[in-house]
Amino acid sequence: MNDKTGTLYIVATPIGNLDDITLRAINILKDVDLIAAEDTRHSLKLLNHLNISKPLVSYHRHNETTKTDVLIKDLKIGKNIALISDAGTPGISDPGEEIIKKCIEENIKIVPIPGACAMINALICSGLDTTEFIFIGFLPLNKKNRNEKLEEIKNANKTIILYEAPHKIKSTLQDLKCFLEDREVVLARELTKIHEEFIRGNIDEIIDKTENIKGEIVLIIEKNFNINKEDAFDNLTLEDHYKLYEKQGFSKKEIIKKIAKDKNVNKNEIYKKFVKK
Ligand code: SAM
């Protein structure tokens with residue numbers, strides 16, 4: 001990092017109520033040279049509300065790769081840039097990951113400016129277990145990938161968080177019903193807005209209560225209490241099980257020992273599968 005290089009600020013913006021922006025976020029938006037926004041017209045409303053006038057460039061899913069290169073060049077000549085999305089925290093079901101990876105590669109400083117995020121606010125008011133949770137974001141649309149994800153949700157012994165669009169919520173709830181049967185669900189709608197509400201019940205009750213539902217939605221699904229760690233491991237292929245521990249930094253020897261313990265089999269059996277193939 002040379003002295004001239006700029007900084008990329010990842011700035012959270014409101015998810016509805018325009019007051020939900022921190023003083024630090026406002027100051028950063030005022031101070032940077034450039035704001036990269038998912039939808040410049042949408043973000044202009046927020047910036048006008050905050051009396052901030054700054055050069056805005058678009059940075060969205062469809063121009064992420066080309067715009068990343070342009071923004072990296074700007075950062076390298078010393079410009080400070082704020083990345084914002086339409087709502088909430090960039091990078092959470094929103095663009096951000098690509099430029100952040102590139103900044104890390106290029107040794108450019110990245111600074112998070114915390115703030116609103118729909119999934120966290122839905123989770124904290126859900127009344128479901130907040131100690132451990134899995135954020136899925138939007139379910140895949142491709143049938144095979146979707147079913148695999150639903151299977152993962154079925155077997156998860158952690159609270160699950162999903163994002164969904166109102167016009168797809170009915171079919172998503174039906175899919176959840178097929179896989180999870182009567183699990184408790186909390187549907188958090190229009191968070192921080194006038195019509196904010198939390199609808200709670202089992203999947204059938206939620207289906208009944210959400211006919212023609214509108215607005216933005218987060219679904220929080222109760223964890224599977226009937227699954228223990230061993231059952232969860234049984235659902236992993238040996239390769240995935242191996243990768244899981246590899247990612248956690250265990251050595252080959254330790255991984256084999258751990259898998260043997262999880263699956264309750266002799267470690268030589270696992271050893272043969274991985275080492276003596
Ligand atoms: N980056 C955002 C965040 O930090 O939450 C999420 C962006 S994602 C493209 C948009 C989805 O987030 C919506 O479809 C909805 O599921 C959820 N969402 C965003 N704002 C919300 C709100 N005010 N109430 C409920 N859900 C919201």
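We count ligands from 1, going down the list as the structure has it; atoms in each ligand are counted the same way.
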### Query
Side chain, backbone, both or neither: which part of Ile217 has a heavy atom under 4.0 Å from ligand 1?
backbone

### Query
Are any non-hydrogen side-chain atoms of Ile110 and Ile104 less than 4.5 angstrom apart?
yes

### Query
Looking at atom 14 (O) of ligand 1, what's its closest protein heavy atom, distance included?
Phe138 CZ, 3.4 Å

### Query
Is Leu191 touching ligand 1 with its side chain, its backbone, both, or neither, if touching means heavy atoms under 4.0 Å apart?
both

### Query
If we ignore angles and hydrogens, is there a donor and acceptor under 3.5 Å between the side chains of Ser171 and Gln174?
no

### Summary
For atom 7 (C) of ligand 1, the closest protein heavy atom turns out to be Asp94 OD2, 3.3 Å

### Task
Spell out, as yes or no, whether a donor-acceptor pair under 3.5 Å connects the side chain of Glu106 to the backbone of Cys103.
no

### Steps toward side chain to side chain donor-acceptor pair (under 3.5 Å) verdict (Ser58, Arg41)
CA-CA 9 Å; Ser58 78; Arg41 276 197 305 183; over 6 Å; no

### Summary
So the atoms of ligand 1 within less than 4.0 Å of a heavy atom of Lys193 turn out to be 23 (N)

### Task
Apply the test side chain to side chain contact (heavy atoms under 4.5 Å, CB included) to residues Arg24 and Asn27: give CA-CA distance (whole Å), side-chain angles for both, the deciding distance (0.1 Å), then the verdict.
CA-CA 5 Å; Arg24 187 165 171 229; Asn27 287 333; 5.7 Å; no

### Task
Decide side chain to side chain donor-acceptor pair (under 3.5 Å) for Thr192 and Asn17; before the verdict, give the C-alpha distance in whole Å, the side-chain angles of both, and the deciding distance to 0.1 Å.
CA-CA 5 Å; Thr192 77; Asn17 187 322; 5.7 Å; no

### Task
Look at ligand 1 and say whether Ala165 reaches it with a heavy atom at a distance under 4.0 Å.
no

### Protein residue, atom and distance nearest to atom 26 (N) of ligand 1, heavy-atom basis
Val218 CG2, 3.4 Å

### Message
Out of all atoms in ligand 1, which are within 4.0 Å of some heavy atom of Glu164? Include the element for each.
### Response
14 (O), 16 (O)

### Message
Would you say that more than 12 heavy atoms from the other residues, nucleotides or ligands in this model lie under 6.0 Å from the NZ of Lys267, or not?
### Response
no

### Query
Does the N or O separation between Thr89 and ligand 1 drop below 3.5 Å for any pair?
yes

### Top protein contact for atom 13 (C) of ligand 1, by heavy-atom distance
Glu216 OE2, 3.6 Å

### Task
Would you check if there is a donor-acceptor pair between the side chains of Tyr59 and Ser85 at a distance under 3.5 Å?
no

### Query
Taking the minimum heavy-atom distance to atom 27 (C) of ligand 1, which of Gly88, Ala118, Ala122 ranks first?
Ala118

### Query
So, are Arg183 and Glu222 salt-bridged, with charged N and O less than 4.0 Å apart?
no

### Task
List every atom of ligand 1 that sits less than 4.0 Å from any heavy atom of Cys117, numbering the atoms from 1 in the order shown and giving each element.
4 (O), 5 (O)

### Message
Just to confirm my output: which protein heavy-atom neighbour is closest to atom 5 (O) of ligand 1, and how far is it?
### Response
Tyr163 OH, 2.6 Å

### Task
Indicate yes or no: at least one non-hydrogen side-chain atom of Leu18 is less than 4.5 angstrom from one of Thr13.
no

### Task
Examine ligand 1 and decide if any of its atoms is less than 4.0 Å from a heavy atom belonging to Ile92.
yes

### Query
Looking at atom 2 (C) of ligand 1, what's its closest protein heavy atom, distance included?
Ala87 O, 3.2 Å

